[in-house]
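Please read the structure below before turning to the comments.
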There are 2 protein chains.
Amino acid sequence: MDGASAAKPNKRVTITDVARHAGVSTAAVSKVMRNAYGVSEAMREKVQAAIADLGYRPHAAARGMRGRTYTIGVLLDNVRNAFFADILDGIRDELRHTDYTVLIGAAGFDPEEQARTIRSLVDRQMDGLILIAPGTPRAEVLDTAVSTPTVVIGHHDASDTYDSVVDADDLGAGLVVDHLVSLGHRDIALVSAPGTRANKWKRTPEAVLSEGYLHAMQRHGLDRFARVHHTAYSDDGGFKAGMTLLTADRPPTAVMTGADVAALGVYRAAHELGLRIPRDLSLVGYNNTALAALAPVQLTSVDQAGHTMGSAAARMLVERVENRRDRAMQTTMTPRLVVRSTTGAPQGR
Amino acid sequence: MDGASAAKPNKRVTITDVARHAGVSTAAVSKVMRNAYGVSEAMREKVQAAIADLGYRPHAAARGMRGRTYTIGVLLDNVRNAFFADILDGIRDELRHTDYTVLIGAAGFDPEEQARTIRSLVDRQMDGLILIAPGTPRAEVLDTAVSTPTVVIGHHDASDTYDSVVDADDLGAGLVVDHLVSLGHRDIALVSAPGTRANKWKRTPEAVLSEGYLHAMQRHGLDRFARVHHTAYSDDGGFKAGMTLLTADRPPTAVMTGADVAALGVYRAAHELGLRIPRDLSLVGYNNTALAALAPVQLTSVDQAGHTMGSAAARMLVERVENRRDRAMQTTMTPRLVVRSTTGAPQGR
DNA sequence: GAGACCGTGTAAAACGTTCTCCACAGCGAG
DNA sequence: CTCGCTGTGGAGAACGTTTTACACGGTCTC
């Protein structure tokens, strides 16, 4: 292979090296790399041979100074959420055979830190951004979207600046309520995320979910049973919510949650209180993550097609990056109920 | 005016703008930014005021052309592994109050794609790399480590080029075997990952784990019971392994696995075969991920202190990036057994 | 009082690309 | 023969930083 040039240590092969080796100008090499207009077949071949010979890889940072950087940045709050992993897979699969690389910024839940991460991505000259349910003020997102193509996943607030991909969470909530009602439940509680973020997102996934839940309860004439408990989407948050709900005067016979992991927290609470599932309590999660399907769990959940959402987001983003579309658009996915063994008919007690 | 070329409003604030605003040279501003030697107090204040005034943020790509980019790249195969999430948290916490940003490349399991991702990170001028159990040929890692400071997590193969952080997996295996033996088990099987990667890593985590297991079995005089089953670390892989092991002529009374998720697959197999845990089968995972602690699971597992491993890796990497150390080093963490309710005394059957 | 040295600041040369012009050659039309 | 067009290639100016090399004025030392 290249035993000869192995001697020189860490010297990168640059476009100039390629140009010299092929006996052409750097401009020509650049054109070939970007397959831009104005190169003859002969030129293309000559240059490509030189590129292969030298093992040239363009320096992304340098590219970023003038043109594209062929990098897509993804912001998410935490890597632990298996639903996000589905989205990421979708993004990756969509982009696999393109020149784009996906880099992930895991920012944590703190809005300020998320904002910092977004700025970092922009400073690093990402060609486009995919923000998964960002907690930063909407104004900031709008701001960065002006200069960097952006797709927001999760929040239903549309915009003419950024594109968005959402799941019809209201429909999802309806599916769950319908299912539970058809089993005979009437006292159905919802465990949702705290919607108190003072950041101008009006239609967060949790808000839309709650809305759908309330409408569905109303539709079934069960308004008076409706109650929403807000808590963090985590095992612990779910546990606390479960404890509160299940030790109330008139505990619900069914609990639906906005995230699988929270449902498992409720599960733990029920367990601790000596309630059996689904005999004494029916439990439904959301997102249908790998957790839900686990052997000892078998949680009824709502599938959001995270993979599809991810690939849709990636596709939309690339369209924008490559200037093939100049109007904002929204994509909405339809959720599907996956019934497993944590839901059943309520046993009178 | 036309809508097409509309709006290039967002002109970035550059170092030149700051320099002009402060009435100094760009070199001076640069020095202040990097707090380099040779600026008077007055100068520093003047420049910092200008920076604040204009909201200047250095352009990382441009920085990358000459100096640092203040970005650390992390390679991992899949985001789903909760253990990796712990490591990431550790990295993030360590770097939180520094100027560095962490970007994650999730490459999947294909070695070729992992290699491509590593190259991407290098091309994007990362200051340093943290590779979590990379599947790429060792030679390639050594190669990139020459030009970019690199920390390898997981593989026990040491090097004088890259730093490494590992868990004493052999000790971990010993802990598990000791625990199971003390409960009365003798027929203990290990479910490990396929070690057949032809990529020159001799001492992968799985290999060291198997080694530790075999030694421990030997130590207890249980050589003849020792058996290692290789499978992918996934729910499905664990299920298949469980099926094979548990339907054998002389099924083991205890199974330990190299990953929690695989243990849950075995759990599913046992469940399907009508075996109760821990009565008919004791089960131990590895990594003590959030999965293990889940209410319906309560899996005995080995804690690897992923958070600490991550922060150690980050600390070591920054030392290298900032040239505060020029010798390679290895850090080894000590594992700890966390006993939950999937292990118990074997019931003769 | 000459030289060496110090601390502070700047000018200008990189860094590796992209991209806008411009030059040139060949060719068809008038 | 000139003109204008077209298709191909290259020169060179950005892009926003860092860094080197040096200038300048002042102090210290002998």
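Order of the sequence lines fixes the chain letters, A, B, ..., with proteins taken first and strands second; residue numbering starts at 1 for each chain. Keep in mind it's a predicted model, so treat the numbers as computed, not measured. These values consider heavy atoms only, across backbone and side chains, with no hydrogens, waters or symmetry-generated copies.
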* Whole-Å distance between C:dG16 C1' and A:Leu54 CG? -> 15 Å
* To do: Considering just the side-chain nitrogens and oxygens of A:Ser40, establish if one lies under 4.0 Å of OP1 or OP2 belonging to D:dG9.
  => yes
* **side chain to side chain contact (heavy atoms under 4.5 Å, CB included) evaluation trace for B:Glu322 with B:Arg68** => CA-CA 10 Å; B:Glu322 297 178 350; B:Arg68 302 251 193 78; 4.0 Å; yes
* Measure from the side-chain heavy atoms of A:Ala27 and tell me the nearest of C:dA12, C:dT17, D:dA11. => D:dA11
* Asked: Atom CG of B:Asp123 and atom P of C:dG16: how far apart are they, to the nearest Å?
  -> 13 Å
* **Derivation and outcome, side chain to side chain contact (heavy atoms under 4.5 Å, CB included), residues A:Leu75 and A:Ile130** => CA-CA 6 Å; A:Leu75 172 88; A:Ile130 296 180; over 6 Å; no
* Given D:dT18, C:dT10, D:dG10, the nucleotide with the shortest approach to the side chain of B:Ala28 -> C:dT10
* To do: Compare all side-chain heavy atoms of B:Lys31 with those of B:Arg44 and state whether any distance is below 4.5 angstrom.
  => no
* Asked: Is B:Ser25 near enough to C:dT10 that one of its side-chain N or O atoms lies under 4.0 angstrom from OP1 or OP2?
  -> yes
* Asked: Between C:dT10, D:dG9, D:dG10, which nucleotide has the shortest distance from any of its atoms to the side chain of B:Lys31?
  -> C:dT10
* Asked: Out of C:dT18, D:dG10, D:dT18, which nucleotide sits closest to the side chain of B:Ser30?
  -> D:dT18
* To do: Determine whether the side chains of A:Tyr70 and B:Arg124 contain a donor N or O and an acceptor N or O closer than 3.5 Å.
  => no
* To do: To the nearest Å, give me how far apart CG (B:Asn35) and P (D:dT18) are.
  => 12 Å
* What is the distance, rounded to the nearest whole Å, between atom NE2 of B:His59 and atom C1' of C:dT17? -> 13 Å
* To do: Indicate, with a heavy-atom threshold strictly under 4.0 Å, whether A:Met33 touches base, sugar-phosphate, or nothing.
  => nothing
* Atom-to-atom span, CZ of A:Arg124 to C1' of D:dG16 - whole angstrom -> 15 Å
* What is the distance, rounded to the nearest whole Å, between atom CZ of A:Arg44 and atom C1' of D:dG7? -> 14 Å
* Taking CZ from B:Arg66 and C1' from D:dA21, how many angstroms apart are they, rounded to a whole number? -> 13 Å
* Rounded distance in Å - OH (B:Tyr70) to C1' (D:dT17) -> 11 Å
* Nearest listed nucleotide, side chain of A:Arg34, among D:dG9, C:dT18, C:dT10 -> C:dT18
* To do: Please state whether the phosphate of C:dC19, meaning OP1 or OP2, lies under 4.0 angstrom from any side-chain nitrogen or oxygen of A:Tyr37.
  => no
* Does B:Leu317 reach the side chain of B:Ile72, with side-chain heavy atoms less than 4.5 Å apart? -> yes
